[in-house]
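Residue numbering restarts at 1 for every chain, and letters A, B, ... go by the order of the sequence lines.
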2 protein chains.
Amino acid sequence: MKVLIIEDDPLHRSYLNEAIRAALPECDGVLEAENGNTGERLARDCKSAHIVMDLQMSQRNGIEAARTIWKERPETRILFWSNYSDEAYVRGVSRIVPVGAVYGYVLKSASDDRLKLALRSIFIESQCVIDREVRGMQQRSLGNVNGFTEAEYEILIDIALGLTDRAIAQRRNLSVRSVQNRLQQLYIKLGVHQPLGNQDDDGRFNLRARAVAVAFLRKLLNHSALERAETDLTAWLARQPHG
Amino acid sequence: MKVLIIEDDPLHRSYLNEAIRAALPECDGVLEAENGNTGERLARDCKSAHIVMDLQMSQRNGIEAARTIWKERPETRILFWSNYSDEAYVRGVSRIVPVGAVYGYVLKSASDDRLKLALRSIFIESQCVIDREVRGMQQRSLGNVNGFTEAEYEILIDIALGLTDRAIAQRRNLSVRSVQNRLQQLYIKLGVHQPLGNQDDDGRFNLRARAVAVAFLRKLLNHSALERAETDLTAWLARQPHG
DNA sequence: CGGGACCTTGCGGGATCCCGCAGAAAAAAT
DNA sequence: ATTTTTTCTGCGGGATCCCGCAAGGTCCCG
């Protein structure tokens, strides 16, 4: 059994290396990659089916790397080892995990033992391991309670990218009015909606821009999510009939 | 001489600790704090005038911590040790550094030697040390060439927060039209401006929202900058005469 | 089958945004 | 001190956004 580490921080990389050797005596080789690109290549070349990776790397996003890796070999087992449990990350991961795949998500703030336990659970026992904190976020997010629908999240991304109502309608195959409906819904859920009678601070906020701001502050959006969305958008723009 | 470390990652903390002891034999005590809050308190209590800190911590932003520390004791020497050289960070730092203060900014990706050299330069030689990469960004940013004026940066933040033109005018003591002028200027510099005759992709983008998006993508803005701006905003809102 | 909950769509209007035009004021250059 | 450049400001209009209202449409449940 070989394990591939994809992580851009050298300290964390060597720490991981040590933890893997300690937790998995049956492991007979640890490979290291310092960004998503070489990570993908190594995964492809070495056919390693066991990966530990960081989200948030400078060269190529962890989520993108994971997506292509899983696209090529869906049975690959991936443990995401991340600093944060931003909703944007969690949502991004659960969006790309293939059905029936074995994976994990543990925070870097977790203890030694938790990490080693997760390594054994995923790579040996074939069991998913999601950190308590992450799981809580996931439940809250995907459950209806105060969580965001896929449609709402989608339109949030669209306005974060700076698209107009018309462009969104075009992209999502909706009428302009429907787009606006979803926007209103989003504004309400984000707590941005202006209560009408209120003359005090009425008109202080541009709802569209404000929605994006609070989404960022709540970590519903983050840089890598925006980056992914941007590449998706340019791809879509490219295959649009100009005009 | 005592040195205070403010850094939330345990691995990096212990690495720093070791580096400090190796590079500064005259150092007779290293304190550690794992977030900005306890860092500020320790700095105040122990009167330590030598600090190494990370930007980007979960509890309290490094820049905010540095601001309050420098406000109390401007002669404190701070070495910022960060993962990234986002323009948002660099700008945030150079905005709060007191005149004549000794400080440094080195990236975590720098070599052992560079870090140790920086430690000696700042704490012993009283000499500022800015990483090459960071310095390059700083020059490009503060110089006129493709850089952003303070006014432009200010209004960028205002629209990123979701304020309306009117609110911005009120806040910055300008007429609405002037705000719009600055916005146009910003749109042009961000490369967001719609060339008029272009019917192809005309109307695809909401300039205001798009500007924020590209600012984020270019790392002109990031989460912590937005967070700081938000607290500033709420403070301003609180002392506004409602109505 | 009928009723209810939900989503979609069109219409219309008020508010806001984007911006060209042009004069006034301020700052910088000569 | 005068010219030049930049910035600020008001006016006005077209485009966009925000949203109430109302007429379908789909899906589920009794």
Compute the centroid of each ring, for A/H193 and then for A/Y187, and state whether the two points are separated by less than 6.0 Å.
no
Of the listed nucleotides (D/dC8, C/dC19, C/dT8), which one gets closest to any side-chain atom of B/S178?
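The closest nucleotide is D/dC8.
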The nucleotide from C/dC18, C/dT8, C/dC19 with an atom nearest the side chain of B/N206 is C/dC18
Under 4.0 Å between any heavy atoms, over every strand shown, what does A/R182 touch: base, sugar-phosphate, or nothing? Just pick one.
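Counting heavy atoms under 4.0 Å across all strands, the contact made by A/R182 is with sugar-phosphate only.
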Are any of the side-chain nitrogens in A/D9 or B/K108 under 4.0 Å away from the carboxylate oxygens of its partner?
no
Could you say whether A/N173 or B/D165 is positioned toward the 5' end of DNA chain C, judged by the nucleotide with the nearest heavy atom to each?
A/N173
Does D/dC19 have OP1 or OP2 sitting under 4.0 Å from an N or O in the side chain of A/H193?
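It does, given that an N or O in the side chain of A/H193 lies less than 4.0 Å from OP1 or OP2 of D/dC19.
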Less than 4.0 angstrom between a side-chain N/O of B/R177 and OP1 or OP2 of C/dC21, yes or no?
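The answer is no; no side-chain N or O of B/R177 sits under 4.0 Å from OP1 or OP2.
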Counting only distance, no hydrogens or angles, is the base of C/dC18 paired donor-acceptor with the side chain of B/Q184 under 3.5 Å?
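It does not, because no donor-acceptor pair links the side chain of B/Q184 to the base of C/dC18 below 3.5 Å.
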Given atom [atom1] of [X] and atom [atom2] of [N], what is their separation to the nearest angstrom?
X: B/N181; N: C/dA22; atom1: CG; atom2: C1'; result: 12 Å
X: A/I188; N: C/dC6; atom1: CD1; atom2: P; result: 13 Å
X: A/R166; N: D/dG14; atom1: CZ; atom2: C1'; result: 13 Å
X: B/I168; N: C/dC18; atom1: CD1; atom2: C1'; result: 13 Å
X: B/E152; N: D/dT6; atom1: CD; atom2: P; result: 13 Å
X: A/R208; N: D/dC19; atom1: CZ; atom2: C1'; result: 13 Å
X: B/I159; N: C/dT16; atom1: CD1; atom2: C1'; result: 14 Å
X: A/L183; N: C/dT16; atom1: CG; atom2: C1'; result: 15 Å

When every non-hydrogen atom of A/A118 is compared with those of A/V129, the smallest separation belongs to CB-CG1, 4.0 Å
Can you work out whether B/L174 or B/Q180 has the more 5'-proximal nearest nucleotide on DNA chain D?
B/L174
Give the ring-plane orientation class for A/F80 versus A/W70, where under 30° counts as parallel, over 60° as perpendicular and anything between as tilted.
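Perpendicular.
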Does the plane of the ring in B/F216 sit parallel, tilted or perpendicular to the ring in A/F216? Use 30° and 60° as the thresholds.
parallel
